[in-house]
K.L.:
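Just passing along the structure, written as structure tokens.
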Amino acid sequence: MSAVQLFQIPGTGTVKDDSPALRALVDRFRSAAGNTMTLWAPQHEDDKIAGLAAVWTSQDAQKAWGSSESGQSTLSDIKKLPAGLLLYEDTVIFSEDPRPALRAKVVELVSWIHPVDQVTAEKKSEIEQGFKKFQVAITQQSPEADGGLVSGWGQDEFDFKGVLSRRFTLLIGWKSVEAHYACKKTKPFTDNIHWLMDYGHSEIEMAHYAYSQSLAT
């Protein structure tokens with residue numbers, strides 16, 4: 001199972017493709033043992049926010065680097081970048097390879113926030129099975145999709161409006177942001193989105209990132 005560290009980092013100005021500080025951080029992730037891909041991009045909805053996705057061979061590899069001197073230094077430097085607190089920091093365990101989705105023209109990063117005390121083994125299984133039904137429909141019937149879609153549980157528990165919570169996160173590849181919104185009006189989407197929605201979540205977080213633009217840099 002791949003582990004993906006996901007960050008959303010607010011800044012004081014527009015995120016530039018050639019940001020030296022962000023590129024230096026990406027290089028440090030990429031050079032780490034067990035890191036198979038690290039990508040970053042400005043957020044489509046707010047170009048003052050940078051998104052970073054670091055893919056690891058396993059959670060053990062991510063934890064080993066995170067506890068090392070290099071990992072601690074890198075995470076410390078990430079937290080020096082924002083104009084405030086990190087908007088999003090989580091490590092998600094995906095049962096399928098997330099890299100094809102991350103290589104899509106545009107990635108929808110979407111998370112359902114669930115109270116920890118409601119995430120029972122039975123509830124997790126229901127949510128995961130529902131995702132698989134949505135995944136099949138979009139993969140097989142939606143030409144707007146690109147690169148596939150994967151799901152996983154965030155490993156970081158956090159306070160959400162006074163309630164200890166965790167995320168169920170999807171990475172969905174699209175041909176463009178416009179393609180995503182066009183797909184939302186089609187039957188494969190409207191007939192199957194309920195498979196993701198009926199489990200008592202507190203809130204949904206969603207943003208788009210063109211992570212693949214950083215593949216060559």
K.L.:
My understanding is that only residues two or more places apart in sequence, or in another chain, count here; which of them pass side-chain contact (heavy atoms from CB on, under 4.5 Å) with L87?
P.N.:
Q8, P10, I49
K.L.:
Report the residues that fulfil side-chain contact (heavy atoms from CB on, under 4.5 Å) with E178, sequence neighbours left out, ordered by chain and then residue number.
P.N.:
S176
K.L.:
Test question: given the 4.5 Å side-chain rule for I, L, V, M, F, W and Y, name all other residues clustered with V136, or answer none.
P.N.:
none
K.L.:
Could you pull out all residues at least two apart from D191 that satisfy salt bridge (charged side-chain N to carboxylate O under 4.0 Å, His left out)?
P.N.:
K187
K.L.:
Among residues two or more places apart or on two chains, list those pairs meeting salt bridge (Lys or Arg N to Asp or Glu O under 4.0 Å) that have a residue in residues 125-151.
P.N.:
none
K.L.:
Sequence neighbours left out, what passes ring pair (Phe, Tyr, Trp, His ring centres under 6.0 Å) with F134? Give chain and number order.
P.N.:
F189
K.L.:
Check which hydrophobic residues are tied to M1 through side-chain heavy-atom contacts below 4.5 Å, counting indirect links as well, and list them.
P.N.:
I93
K.L.:
Determine which pairs satisfy salt bridge (Lys or Arg N to Asp or Glu O under 4.0 Å) with at least one residue from residues 166-175, sequence neighbours left out, and list them in order.
P.N.:
D90-R167, R167-E205
K.L.:
Who are the ring pair (Phe, Tyr, Trp, His ring centres under 6.0 Å) partners of Y181, not counting sequence neighbours?
P.N.:
H208
K.L.:
Rest of the hydrophobic cluster containing I113 (Ile/Leu/Val/Met/Phe/Trp/Tyr, side-chain heavy atoms under 4.5 Å)?
P.N.:
F158, F160
K.L.:
Would the number of heavy atoms belonging to other residues, nucleotides or ligands and lying under 6.0 Å from CH2 of W195 be above 12?
P.N.:
no
K.L.:
With sequence neighbours excluded, tell me which residues meet side-chain contact (heavy atoms from CB on, under 4.5 Å) with A54.
P.N.:
Q5, F29, N35, T38, L52, W56
K.L.:
Only counting residues at least two apart or in another chain, list the ones meeting side chain to side chain donor-acceptor pair (under 3.5 Å) with E203.
P.N.:
K161
